[in-house]
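Have a look at the structure below before the remarks.
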2 protein chains.
Amino acid sequence: MNDSVSFFEEPEDTREEILKATYEAFCEHGYSDITIQKISDKFPKSKSLLYHHYDGKDELLLDFLEFMLSQAEEQFPLRTGEGADEHIELVLDTMFLSGGILTDEDFSRAMVELRAEAAHDERYREYFTRTDRFTSRHVEYLIRSGIEQGVFQEVDPEETAAMFQVMFVGTATQKVTSNESVLEACRSEFERYIRNCLLRDDTDAD
Amino acid sequence: MNDSVSFFEEPEDTREEILKATYEAFCEHGYSDITIQKISDKFPKSKSLLYHHYDGKDELLLDFLEFMLSQAEEQFPLRTGEGADEHIELVLDTMFLSGGILTDEDFSRAMVELRAEAAHDERYREYFTRTDRFTSRHVEYLIRSGIEQGVFQEVDPEETAAMFQVMFVGTATQKVTSNESVLEACRSEFERYIRNCLLRDDTDAD
DNA sequence: AAATACTGACTGAATAGTTAGTTACAGTGC
DNA sequence: GCACTGTAACTAACTATTCAGTCAGTATTT
């Protein structure tokens, strides 16, 4: 139930052990109930050791956030060989599917809770700003490529990427905070949007 | 800075005083830092009185959540006289504008933080499920009306409403958790989506 | 021997919640 | 009018617990 996410499976040093323990505590208790004690309970070594490696709870959680975001960025589907129209399918899967890594339920839950903290903590907001920019820019580049390849309409890449960004945040949040399962229907509609507003008509070919 | 939201301005009984104090503590400290003590500090009467009116912290916060959600539902732009195509503009304003009530920054922040709690608390999730259903159903009805009025294309109302729902959550969250200001660009693109994928062409008239 | 990794026992502050008691007041008998 | 009663609103002071963080000291490595 806990360590289904691969990069936590075999921690290689103490820092990774700590981050793994933090992740497990997160999964079990959620952000608002997290304590050093609960992290320590998941940690094979002593609680004092946490303070040997970190100045305090805040620093530990910030490092955890940074680690989570770096994982999220690493898992983002980057450019491969195929065309932009095929690549965008991968982006959609990342957005909607469960079972991936970015879309792992526990991972998503942790991310949503961490993000909410950004509402009142400028340091958190800066981290998410960086990752949001990362995501937006990559989608923007993808759109631009598709236009150059002639498979996308001549849309505004920045605006389209912005919509993708908000959809990313929206789907992740909706998925873990509501039982009203709206995501399948949303995917259908979002695919319709992509067909009508992004993909170039190939009525001549098809 | 705090009580810019009208319905907290003049509490009429002790319960409303408590909810107001809770809201103020929320705005100042955020969900993860909220304590009974901090609520009590904003409350003109005694801390013990909180326990006279509520069984404990959990019950108080759940009542607060229910109150916030009922406010959100009340503020949702419901059917007025005009056509569905005009009405959908109001929905867009609710989604993107700042300065309204549903779109008040402090209010949004509180909502995003409360929603994140739903990731680990089934009781919270049930509340949000109810409100999400409320929102979805109303948008769905609006879409249906527009189709009947002949101003919308014959889209699937449920799927379109699902997309609106995710956009609601996404914009609210993005707005308060990231400095990457993507919302204006997102609105442009979302309006393009509405023109192309929802509104019926009136090329004959315009 | 020197540095680093690590531990268990501790501390003071903050926490949610309790308790014993005090007001405020509406109703009732006289 | 006036004393009495019951109830709900309210309070100050307290308790037990949990919290983040410290520290003195031990093991391990180099």
Side-chain angles (χ1 to χ4, degrees), chain A residues 8 10-68 110 113-114 116-117 120-124, chain B residues 8 10-68 110 113-114 116-117 120-124:
Chain A
F8 280 125
E10 268 318 314
E12 289 185 348
D13 57 7
T14 304
R15 175 177 176 261
E16 286 185 17
E17 275 185 329
I18 293 176
L19 294 176
K20 179 184 178 183
T22 307
Y23 182 70
E24 288 175 9
F26 248 84
C27 292
E28 192 166 320
H29 305 285
Y31 185 96
S32 62
D33 272 354
I34 215 77
T35 65
I36 290 284
Q37 189 55 54
K38 283 167 183 164
I39 294 171
S40 167
D41 290 344
K42 303 288 177 184
F43 184 49
K45 296 165 187 171
S46 78
K47 178 180 129 184
S48 318
L49 190 55
L50 300 175
Y51 287 96
H52 180 71
H53 286 271
Y54 293 99
D55 279 351
K57 192 193 184 191
D58 274 14
E59 306 246 350
L60 197 166
L61 290 185
L62 276 176
D63 190 44
F64 177 67
L65 171 63
E66 187 169 24
F67 180 73
M68 292 287 284
E113 297 191 77
L114 284 167
E117 194 58 18
H120 269 88
D121 191 321
E122 176 60 28
R123 295 167 305 173
Y124 279 58
Chain B
F8 281 125
E10 268 318 312
E12 289 185 348
D13 56 8
T14 304
R15 175 176 175 262
E16 287 185 16
E17 275 185 328
I18 294 176
L19 294 175
K20 180 183 177 183
T22 307
Y23 182 70
E24 287 174 10
F26 249 84
C27 291
E28 191 167 322
H29 305 286
Y31 186 96
S32 61
D33 272 352
I34 215 78
T35 66
I36 289 285
Q37 189 55 53
K38 284 168 182 164
I39 293 170
S40 165
D41 290 344
K42 303 287 177 184
F43 184 49
K45 295 163 188 171
S46 78
K47 179 181 126 184
S48 319
L49 189 55
L50 300 175
Y51 287 96
H52 179 73
H53 287 272
Y54 293 99
D55 279 352
K57 192 192 182 189
D58 273 14
E59 307 247 349
L60 197 166
L61 290 186
L62 277 176
D63 191 43
F64 178 66
L65 170 62
E66 187 170 23
F67 181 73
M68 291 287 283
E113 297 192 75
L114 285 167
E117 194 58 18
H120 270 87
D121 192 320
E122 176 61 27
R123 296 166 304 173
Y124 279 57

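Chain letters run A, B, ... following the sequence lines, proteins first, then strands; residues in each count from 1. What you see is a predicted model, and the numbers here were worked out from it, not measured in a lab.
Taking CD from Gln37(A) and NZ from Lys42(A), the interatomic distance works out to 12.0 Å, rounded to the nearest 0.5 Å. Atoms CG and OH, from Asp63(A) and Tyr54(A) in turn, are 3.5 Å apart once rounded to the nearest 0.5 Å. To the nearest 0.5 Å, atom NZ of residue Lys57(A) and atom CG of residue Leu60(A) are 10.0 Å apart. The structure places CG of Asp41(A) at 11.5 Å from CD1 of Ile36(A), a figure rounded to the nearest 0.5 Å.
Atom P of nucleotide dC19(D) and atom CG of Leu60(A) are separated by 16 Å, given to the nearest angstrom. Rounded to whole Å, atom P of dT18(D) lies 14 Å from atom NZ of Lys57(B).
Contact detail for Leu65(A) and Tyr124(A): the closest heavy-atom pair is CD2-CD2, 3.7 Å. Residues Ala110(A) and Met68(A) come closest through the heavy atom pair CB-CE, 3.7 Å. Residues Ala116(B) and Ala116(A) approach most closely at CB-CB, 3.2 Å, considering heavy atoms.
Between Tyr23(A) and Phe64(A), the ring-plane angle classifies as tilted under the 30° and 60° cut-offs.
Glu28(A) has no carboxylate O lying under 4.0 Å from a charged side-chain N of Lys38(A), or vice versa, which leaves the two without a salt bridge. The pair Asp121(B)-Arg123(B) counts as a salt bridge, with a side-chain nitrogen and a carboxylate oxygen less than 4.0 angstrom apart.
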When you compare the protein's N or O atoms with those of nucleotides 8-12 of chain D, which come within less than 3.5 Å of each other, and at what distance?
{"from": "dA9(D)", "atom 1": "OP2", "to": "His52(B)", "atom 2": "NE2", "distance (Å)": "3.0"}
{"from": "dC10(D)", "atom 1": "OP1", "to": "Lys45(B)", "atom 2": "NZ", "distance (Å)": "2.8"}
{"from": "dC10(D)", "atom 1": "OP2", "to": "Thr14(B)", "atom 2": "OG1", "distance (Å)": "3.0"}
{"from": "dC10(D)", "atom 1": "OP2", "to": "His53(B)", "atom 2": "NE2", "distance (Å)": "3.4"}
{"from": "dT11(D)", "atom 1": "OP2", "to": "Ser46(B)", "atom 2": "N", "distance (Å)": "2.5"}
{"from": "dT11(D)", "atom 1": "OP2", "to": "Ser46(B)", "atom 2": "OG", "distance (Å)": "2.9"}
{"from": "dA12(D)", "atom 1": "N7", "to": "Ser48(B)", "atom 2": "OG", "distance (Å)": "3.2"}
{"from": "dA12(D)", "atom 1": "N6", "to": "Ser48(B)", "atom 2": "OG", "distance (Å)": "2.4"}

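Protein chain A contacts DNA chain C over a range whose 5' and 3' limits, counting nucleotides with an atom under 4.0 angstrom from a non-hydrogen atom, are dA5(C) to dA9(C).
With axes fitted over five pairs at each extremity, the angle between the ends of the helix from dA1(C)-dT30(D) to dC30(C)-dG1(D) is 0° (10° resolution).
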